[in-house]
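Here is the naming used below: chain letters follow the sequence lines, and residue numbers restart at 1 for every chain.
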Amino acid sequence: MTRNITTFALIGVLLLATALVGCSKPSSTGQKTEGAAKQSLSGTILVDGSSTVFPITEAVAEEFQKAYKGVRVTVGISGTGGGFKKFGSGETDLTGASRPIRPTEVELCKKNGIEYIELPVAYDGLAVMVNPKNTWANSITVAELKKIWEPEAQGKITRWNHVRPEWPDRELHLFGAGVDSGTYDYFTAAIVGKEHSSRGDFTSSEDDNVLVQGIATDELALGFFGYAYYEANRDKLKLLAVDDEDPRNGDGPILPSLETVINGTYQPLSRPIFIYVNKKSLDRPEVAEFVRFYLSHAPKLVKEVGYIPLPERAYQLAQKRVDARKTGSLFAGEGSKVGVKIEDLLAAEDK
Amino acid sequence: MESDSKQSQETLREPQPSLATIGPEKAFVAICRLAVALPLLLLVVLVVDAVVDGWPRLSWGFLTGYPSRNPEIAGILPALAGSAAVIVLTAVMAIPVGVGAAIYLEEYTKPGRLTSLIELNISNLAGVPSIIYGLLGLELFVRAMQMGRSLLAGAATLALLVLPAVIMTSREALRTVPYSLREACYALGADRWQTIWRVVLPMSLPGILTGIILSVARAIGETAPLIMIGALTYVAFLPDSLMSPFTALPIQIFNWVSRPQKGFHTNAAAGIVVLLVLMLLLNATAIWLRVRLQRRVNW
């Protein structure tokens, strides 16, 4: 019987030993870089926030940690709102946001004495899509989108011919980004005119792949989500051109693409996405270097992960903002603003 | 003696079914077989699907690689190390407390209102959704106890989560030790302490270990509480202290599934296979331990 007790004790010791071995492995194994590692910087940088900005920050963090082996960067996904909650209580150094900061979030930062610097890092287009078997729809106007998505449409606009009389008398199945996402906030602000307000009877998911599957298998579907998801699933979806009926932004319906988003003609469904930096964190050299690295590598990395980079000049102006420690939001803390060209805003401020 | 065992065999022999019950019984057996086959079939479909999808990425490089924006070179080492560290820490925290509580409840308490209230609460806690434990962990460990989003906070949360299961399975195991053995011990002059340490605990060890491993194996697949306490999504280093930020396998899989690029979906499938193998290993260990230890127990 005593042998059994020994077994018990042995197992306990074994577990402990595994714990210690598991914990004492060096952290840099396997991370090889071609260039000389810069060992001068160290520390941990905590990033959280929007899932839309995540792929960009992940790419930057990956490259940054190859160049600066002593620095650790962790990136979480809490969503834009969740990210601001942590950022506003001083838990993170940077937070990604797919819309500008909201008044309530500005309030939270103020309460906790957090000063922030807002930096646009890329454009994201929102794509409006239908099933490839859909032969009738090739483009849609903003007014029609509003007619479909506004809260009053619930239960009324349920067939394609309700939207445009020449479209068939068949059911209309709607798919859209989840209501907690910055994507939904922006879409409603741009189309319905009021942030976070739309009809409720549509299939929504925080996971855009679910929407891709939904639209790809439903002939009567219409939906919207981030352009990056369209890029990765081109063969399964049909993109609709969007007409804002404003000749200043180009005539007629316009398809989202690198050019049309950058030159501001794919309106109103292209938006800037941001990172917010805690001003106090910038006093730490590794954070300052990370932000500099972010802005200088963004043009290449943003494209690589499926987003649309800002013009080169916008990144330079953003770096200037960092150097001058210019706090606050270009959007006056009002949340989503539709149809802005970010370099104009930055340039106006720079004057 | 011989006639005794013969008699007991006689009584154990299956009774001949009467003609009237043969039909319904056959139908019932068929339904039962279907009930067994259905989950098995689902499991096979799941495993085959994951293996087929993830096959191209299942390699040594995948196990020893770091997460990356490039799905072809992305690996799961930090997630694997994070999961392993969390599970070991969880076990270290949950086992002494859980088994201790079970021994106390089973051997020391007198039945009464308070005891049954505690028992009721433990069974209730075992049924609480795991995300609630995540919320508790966030407030208690991450915020109030200032552990941050660390390995320690994650393990403490999961330890709370598995504790009711550990207590309940350990108590079941303790109950399998016949009361006559305890009485025999006392009759020989042993006190309670000696009885528990030299007889009850060794006898129930196989059951306790199985229960522990199965409960802990459940924790390895938990995603919701870890997301709640903020286990991170992109971590390109291995945890090197109790306070280190970390990620875990289910979170890495969750992240890859939600990415637009196909390559990441393949990675997710490969990650699922690794997770399944890991759970299978743990469960197999539980069975092996039970069989091995049970062989020594003769009464």
Side-chain angles (χ1 to χ4, degrees), chain A residues 1-5 7-8 11-12 15-20 22-31 44 46-48 51 54-63 65-66 72-78 86 89 91 206-210 212 225-226 228-233 301 304-306, chain B residues 64-70 75 77-78 81 84-85 88-89 91-92 95-96 99 142-143 148-149 151 197-199 201-203 205-206 208-209 227 230-242 244-247 251 254-255 257-265 289 292-293 296-297:
Chain A
M1 285 306 163
T2 40
R3 269 186 65 201
N4 283 350
I5 296 291
T7 320
F8 211 151
I11 289 165
L15 284 174
L16 262 175
T18 338
L20 292 174
C23 291
S24 62
K25 272 184 197 155
S27 60
S28 56
T29 351
Q31 287 179 346
T44 304
L46 303 174
V47 189
D48 209 313
S51 58
F54 174 82
I56 304 173
T57 310
E58 182 197 42
V60 174
E62 188 184 349
E63 290 304 313
Q65 283 175 104
K66 280 185 192 163
R72 298 166 148 204
V73 186
T74 67
V75 192
I77 299 180
S78 301
K86 290 181 188 168
S89 358
E91 291 177 33
E206 302 292 336
D207 181 355
D208 291 341
N209 284 308
V210 173
V212 171
F225 47 74
Y229 282 82
Y230 167 72
E231 268 295 317
N233 297 283
L301 294 175
E304 226 183 288
V305 296
Chain B
T64 57
Y66 288 81
S68 165
R69 68 180 179 285
N70 184 348
L77 187 59
V88 171
L89 277 173
V92 166
I95 291 171
V99 176
V142 176
R143 301 234 163 100
R149 289 157 210 286
L151 210 51
W197 273 98
R198 302 221 181 135
V199 176
L201 214 46
M203 286 260 176
L205 195 61
I208 293 180
L209 278 178
I227 287 183
L232 293 143
T233 308
Y234 176 80
V235 175
F237 49 83
L238 301 180
D240 60 353
S241 75
L242 290 179
S244 171
F246 73 105
T247 187
I251 291 180
F254 181 68
N255 172 245
V257 165
S258 62
R259 302 285 283 263
Q261 291 83 5
K262 268 268 158 49
F264 286 115
H265 300 171
L289 268 176
R292 207 185 130 74
L293 291 173
R296 293 206 224 131
V297 180

Counting only heavy atoms closer than 4.5 Å, note whether [X] contacts chain B via side chain, backbone, both or neither.
X	answer
Val73(A)	backbone
Tyr230(A)	neither
Asp208(A)	neither
Glu304(A)	side chain

To the nearest 0.5 Å, what is the distance between CG (Leu46(A)) and OG1 (Thr74(A))?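 That separation rounds to 4.5 Å.
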Ile77(A) side, atom CD1; Thr57(A) side, atom OG1 - distance, nearest 0.5 Å: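 The CD1 atom of Ile77(A) sits 9.5 Å away from the OG1 atom of Thr57(A).
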Which atoms of Thr247(B) come close to chain A, meaning under 4.5 Å heavy atom to heavy atom: side chain ones, backbone ones, both, or neither?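 When you check distances to chain A, no heavy atom of Thr247(B) falls under 4.5 Å.
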Is Phe254(B) atom CZ crowded by more than 12 heavy atoms from other residues, nucleotides or ligands, each under 6.0 Å away?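 No.
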Which residues pass the salt bridge (charged side-chain N to carboxylate O under 4.0 Å, His left out) test with Glu91(A), not counting sequence neighbours?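 Once residues adjacent in sequence are excluded, the partners of Glu91(A) under the salt bridge (charged side-chain N to carboxylate O under 4.0 Å, His left out) criterion are Arg143(B), Arg149(B).
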Not counting sequence neighbours, which residues clear side chain to side chain contact (heavy atoms under 4.5 Å, CB included) with Pro55(A)? List them please.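 By the side chain to side chain contact (heavy atoms under 4.5 Å, CB included) rule, Pro55(A) matches Val305(A), Tyr307(A), Arg259(B).
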